[in-house]
Amino acid sequence: MKAADRLIRHPGLDPLWRSIEREHRSKLLTAVFLVVAGLLLCALSLRYSAWWPFAGSLSATLGAFWLLRLLGQQPVAAWQEDLRESPERFVWVYSMVTERMPFGLNLMRSGVLYIYDSGGEGHSFSIRADHLLLVTKTLNRLLPAAEFGYTPERELQYRGEISRLKR
């Protein structure tokens with residue numbers, strides 16, 4: 001077993017895989033809701049107007065198309081394959097923690113992990129704030145060519161605006 005295979009299965013990346021699965025499930029539920037709402041709109045508004053059933057059938061059709069596309073995707077497997085097969089494609093990884101403190105009371109902490117690839121595309125994952133350090137450290141071992149941590153210079157570099165910084 002290669003080192004990358006062991007790191008992909010490392011428990012430190014479990015929060016990342018759960019985040020990807022959670023996002024995929026929410027997309028599936030939204031598509032199902034769109035289909036059901038469209039069918040209900042068709043059935044309940046048939047006697048009032050011809051436009052409402054048309055809008056409902058259009059909504060149900062688009063929702064069914066989206067649902068079929070989502071059912072054919074395996075996002076966790078796709079991310080695992082990308083991280084295993086082409087780790088040099090990922091160039092920048094950083095995380096951000098947001099704390100909500102009304103009246104000085106720390107009520108909620110949430111975290112977001114950002115991963116940028118060499119094409120300039122950014123991906124964000126919602127991960128609990130206390131799991132971010134473990135995920136980032138594991139990704140640091142898995143992606144040796146990537147830069148870790150946020151700096152304004154890196155943001156300008158990976159957005160293609162480094163010329164503004166040099167002036």
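Hydrogens, waters and symmetry mates are skipped; everything else that's a heavy atom, side chains included, is used.
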Using 0.5 Å steps for rounding, measure from the [atom1] atom of [X] to the [atom2] atom of [Y].
X	Y	atom1	atom2	value
Ser124	Tyr116	OG	OH	8.0 Å
Glu21	Asp14	CD	CG	9.0 Å
Leu16	Thr138	CG	OG1	9.5 Å
Ile20	Ser126	CD1	OG	12.0 Å
His10	Leu134	NE2	CG	6.5 Å
Gln80	Leu142	CD	CG	10.5 Å

Ring-ring centroid check Phe125 Trp17, cutoff 6.0 Å
no
Would you say Lys27 and Glu23 make side-chain contact, with heavy atoms under 4.5 Å?
yes
Could you tell me whether the side chain of Thr136 reaches within less than 4.5 Å of the side chain of Tyr94, counting heavy atoms only?
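Side-chain contact under 4.5 Å: no.
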Are more than 12 heavy atoms from other residues, nucleotides or ligands located less than 6.0 Å from atom [atom1] of [X]?
X	atom1	answer
Trp52	CH2	no
Phe33	CZ	no
Arg89	CZ	yes

At their closest point, which heavy atom of [X] faces which heavy atom of [Y], and how far apart are they?
X	Y	value
Gly149	Arg154	O-NH1, 2.8 Å
Ser95	Leu113	CB-CD1, 4.1 Å
Cys42	Pro53	SG-O, 3.1 Å
Ser26	Thr30	O-OG1, 2.8 Å
Ala31	Gly63	CB-O, 3.9 Å
Pro152	Tyr150	N-CE2, 4.1 Å

Let's go through Val112 and Leu132 carefully: what are the C-alpha distance in whole Å and the side-chain angles of both, what is the deciding distance for side-chain contact (heavy atoms from CB on, under 4.5 Å) to 0.1 Å, and is it a yes or a no?
CA-CA 8 Å; Val112 179; Leu132 276 175; over 6 Å; no
Is there a donor-acceptor contact under 3.5 Å from the side chain of [X] to the main chain of [Y]?
X	Y	answer
Thr61	Ser57	yes
Ser19	Pro15	no
Ser86	Glu88	no
Arg109	Asp130	no

Might you work through the side chain to side chain donor-acceptor pair (under 3.5 Å) test for Glu147 and Tyr158, ending with a clear yes or no?
CA-CA 11 Å; Glu147 293 185 282; Tyr158 292 114; 2.3 Å; yes
Between [X] and [Y], is there shared hydrophobic-cluster membership here, with clusters defined by ILVMFWY side-chain heavy atoms closer than 4.5 Å?
X	Y	answer
Leu58	Val35	no
Val93	Leu83	yes
Phe54	Leu40	no
Trp92	Tyr114	yes
Leu62	Trp66	no

Full working for side-chain contact (heavy atoms from CB on, under 4.5 Å) between Ser110 and Arg100
CA-CA 9 Å; Ser110 60; Arg100 290 173 182 82; 3.4 Å; yes
side-chain contact (heavy atoms from CB on, under 4.5 Å), that's the test. Do Glu99 and Met108 meet it? Break it down for me.
CA-CA 6 Å; Glu99 294 181 341; Met108 191 171 141; over 6 Å; no
Verify side-chain contact (heavy atoms from CB on, under 4.5 Å) between Leu7 and Arg84, making sure each step is shown before the conclusion.
CA-CA 9 Å; Leu7 284 174; Arg84 182 183 310 113; over 6 Å; no
